[in-house]
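One is the number of the first residue; the rest follow in order along the sequence.
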Amino acid sequence: MKLNYVFLFLSDPLDSRIPDVEYEKEYKAASKYFSVGLINQERLFEDNVVTTTYKISNDDIIVYRGWMLKPQLYDRLVTYVEKNGGQMLLIYQNMNIRI
């Protein structure tokens, strides 16, 4: 099984087709070596809905790159990834973090 590392970045809040300006350089650098996608920032923060430009599949290991998420939103992201056959590189329950 070949693992595919995928970096998901937040989209620009005004244009969901481009990365957030704060992550633009990192997005471009990551895209040279890894698969990348965007999470629609407006839908995530306004509607609590995860939508991505990258189609997640079974061998994908997802690395989230974006603003800090509340635990409930991160849980939604983890659920979305797992329902689509992927897995998150980090799950906050596995870290020793008190919320």
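A side-chain donor-acceptor contact under 3.5 Å links Asp20 to the backbone of Glu22. Put simply, the side chain of Tyr80 never gets that close to the backbone of Thr51: no donor and acceptor are under 3.5 Å apart. Formation of a donor-acceptor pair under 3.5 Å by the Gln41 side chain with backbone atoms of Ser11 is found in this model. Arg76 places a side-chain N or O within donor-acceptor distance of the main-chain N or O of Asn48, the cut-off being under 3.5 Å.
When Leu8, Val81, Asn4 are each tested for a side chain to side chain contact (heavy atoms under 4.5 Å, CB included) with Asp60, only one passes: Asn4.
Contact record, Ser35 with Tyr54: CB-CE1, 3.8 Å, taken as the closest heavy-atom pair. When all heavy atoms of Ser16 and Leu38 are compared, the pair lying nearest together is O-CD1, 3.6 Å.
Atom CZ of Phe7 sits about 8.0 Å away from atom CD of Glu26, to the nearest 0.5 Å. Rounding to the nearest 0.5 Å gives a distance of 9.0 Å between CG of Leu77 and OG1 of Thr52. Atom CD1 of residue Ile56 and atom CD of residue Glu82 lie 10.5 Å apart, to the nearest 0.5 angstrom. The distance from atom CG of Asn40 to atom CG of Asp12, rounded to the nearest 0.5 Å, is 10.5 Å. Here Arg17 contributes atom CZ and Thr53 contributes atom OG1; the two are 12.0 Å apart, rounded to the nearest 0.5 Å. Atom CD1 in Ile62 sits 8.5 Å away from atom CD1 in Ile39 (nearest 0.5 Å).
For the pair Glu42 and Pro13, the minimum side-chain heavy-atom distance is 4.5 Å or more. Leu10 places a side-chain heavy atom less than 4.5 Å from the side chain of Trp67.
Ile61 and Tyr33 fall within a single hydrophobic cluster, where Ile, Leu, Val, Met, Phe, Trp and Tyr side chains are chained together by heavy-atom contacts under 4.5 Å. Residues Phe34 and Ile18 do not share a hydrophobic cluster, clusters being chains of Ile/Leu/Val/Met/Phe/Trp/Tyr side chains in contact below 4.5 Å. Neither Val21 nor Val36 shares a network with the other; the hydrophobic side chains, linked directly or stepwise wherever heavy atoms of I, L, V, M, F, W or Y lie under 4.5 Å apart, form separate groups for each.
Within 6.0 Å of OH on Tyr5 lie no more than 12 heavy atoms contributed by other residues, nucleotides or ligands.
Taking the six-membered ring for Trp and thresholds of 30 and 60 degrees, Tyr27 and Phe9 have ring planes more than 60 degrees apart, a perpendicular arrangement.
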Would you check, one step at a time, whether the test side-chain contact (heavy atoms from CB on, under 4.5 Å) holds for Tyr64 with Leu89?
CA-CA 8 Å; Tyr64 169 72; Leu89 181 64; over 6 Å; no
